[in-house]
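Presented below is the structure to which this report refers.
Computed over heavy atoms, backbone and side chain alike; hydrogens, waters and symmetry mates excluded. Please read all numbers here as calculations on a predicted model, not as lab measurements. Labels below follow one simple rule: chain letters A, B, ... track the order of the sequence lines, proteins then strands, and each chain is numbered from 1.
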Number of protein chains: 2
Amino acid sequence: MSRTALTREEVLEAADDLVKQHGPDALTMRGLAARLGTAVTSIYWHVGNRESLLDALVERTVEEMGAIQPTGRTPATRIVSVARRLRGELHARPHLIAVVHERGLTERVFLPAQRALVREVHSAGLRGARAAEAVRAVQFQVVGFVLVECARELAPAQATGRERPGKTVSARKDPALARALARPVDPERLFTASVRALVKSLLAQGNN
Amino acid sequence: MSRTALTREEVLEAADDLVKQHGPDALTMRGLAARLGTAVTSIYWHVGNRESLLDALVERTVEEMGAIQPTGRTPATRIVSVARRLRGELHARPHLIAVVHERGLTERVFLPAQRALVREVHSAGLRGARAAEAVRAVQFQVVGFVLVECARELAPAQATGRERPGKTVSARKDPALARALARPVDPERLFTASVRALVKSLLAQGNN
DNA sequence: ACCTGAACACCGTTCAAGT
DNA sequence: ACCTGAACACCGTTCAAGT
């Protein structure tokens, strides 16, 4: 008993550090205890078990992210700004989104942007079920994109395999297309283009 | 030595069964050995280790899925049909996509649809880098959506937390919107609507 | 070439016991 | 209320030894 009393907050903080630096797999109860200088079993008293510790970590981080404020003049650009901001926040915490995925907490991660999206969609003239669908389409689009992005980064040496897609239309009729597909993706660019395209269509539905 | 010679194919088959039924976490080398009636270490001789076993599983399944043929008359509907088919194939194998995600093999799962998407985007009049971007936007959209979908199913009891989004614009100005957001998502419907919206915009860029 | 058991270095979790 | 060590039931992987 050489250390000051252990607190739940202290445990979460140390766990967060561990996950931030080396990913969720590096978070072991024993390793955490060692870092804190306590017995493994003390941790259980404060946070229950590993699963609820991870849940608490997600909750902590999402709260820390807070709500997202749109910028821009038209509803479309404002929605795109929210999407980009949300992607930025999530992307800055790649390990968190790994946890979010494995613990099935995607819903939670939708929320920081929800308020803002609802407001913008509404002011773009969408109402009722159609507005809700637009909000959700954007939420799924953003979170889905980030999930794919992080999964790709996890294994950067993608062995594309022998199943080269080319030689059909691309290589013969449109070499520029083939070249573009052979180049690595620019995620930020692709993201913005995708969201812009999606939002444009969604908002256009209001003017029918 | 009471059993017939162990083969790599036999190992993969048993592993596939295990993953299909109880998910990747249920695939342990020891459990697999027990099911096959061999020593754990025999498996290592045939497949290397657990990681490459999982990789082989993904490869096997994606090959089994094969290429995807579009249906419909216009490029837009044909692309949407490809997207829906790809989602269907992936969604029918929720455990596979869990593996895909944790092993970072998203790229691989893009391929079955790539050929078809390239052809349709091309016949819709898109060329070069712009066409490639459209193909990728759809690929990311589909795979991202399925990832989110599967993560949500993993934890169906989503504790939304106290951070209810309502009461801002929705509840007061547009109760129908609030109600729609409170209802659970219909993923198939949302998926189709999202892809349709995205594709519409992407193809419209060709006619500028 | 293929299979084996034993051993190593890990896990998360429980539980009775301490203060 | 909080902390502890010991123990249980697992993991993946390696390795020397067998046939």
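- The CD1-C1' distance, from Ile43(A) to dC3(D), rounds to 12 Å in whole Å.
- The CZ atom of Arg30(A) sits 14 Å away from the C1' atom of dT4(D) (whole-angstrom rounding).
- Here dC3(D) is the nucleotide among dG5(D), dC3(D), dT4(C) with the atom lying nearest to any side-chain atom of Ala5(A).
- Side-chain proximity of Tyr44(B) to the nucleotides dT4(D), dG12(D), dC15(D) is greatest for dG12(D).
- Annotation: side chain of Val62(A) is not in contact with side chain of Leu105(A) (no heavy-atom distance under 4.5 Å).
- Regarding contacts with the backbone of dC3(C), a side-chain N or O of His46(B) is found under 4.0 angstrom from either OP1 or OP2.
- Residues Ala129(B) and Ala180(A) come closest through the heavy atom pair CA-CB, 3.9 Å.
- For the C1' atom pair drawn from dC3(D) and dC15(C), the interatomic distance equals 13 Å after rounding to whole Å.
- Side-chain N/O atoms of Ser42(A) include one lying less than 4.0 angstrom from OP1 or OP2 on dT4(D).
- Leu53(A) comes within 4.0 angstrom of no nucleic acid atom, judged by non-hydrogen atoms across all strands.
- Going from atom CE of Met29(A) over to atom P of dT4(D) covers 14 Å, rounded to whole Å.
- If you take atom C1' in dC2(C) and the same atom in dA16(D), they sit 15 Å apart, rounded to whole Å.
- In terms of polar N and O atoms assigned as donor or acceptor, the side chain of Thr28(A) never comes within less than 3.5 Å of the base of dG12(C) in a complementary pairing.
- One can place CG of Leu32(B) at 10 Å from P of dG12(D), the figure rounded to the nearest angstrom.
- Residue whose closest nucleotide on DNA chain C sits further toward the 5' end, between Thr41(B) and Val40(A): Thr41(B).
- Checking Asn49(B) against Ser52(B) by side-chain atom types alone, a donor-acceptor pair falls below 3.5 Å.
- Computed from coordinates, the Leu6(A) CG to dC3(D) P distance equals 5 Å when rounded to whole Å.
- Paired with Glu13(B) under the rule salt bridge (Lys or Arg N to Asp or Glu O under 4.0 Å), one option of Arg8(B), Arg35(B), Arg60(B) passes, and it is Arg60(B).
- The CG atom of Leu54(A) sits 15 Å away from the P atom of dC11(C) (whole-angstrom rounding).
- Judged by Watson-Crick or G-U wobble contacts below 3.5 Å, the nucleotide dA7(C) has dT13(D) as its partner.
- Put simply, CD on Glu51(A) is 11 Å from P on dT14(C), counting in whole angstrom units.
- When rounded to the nearest whole Å, the span between CH2 of Trp45(A) and C1' of dG18(C) equals 16 Å.
- Ring geometry for Phe191(A) versus Phe145(A): interplanar angle over 60°, hence perpendicular rather than tilted (30 to 60°).
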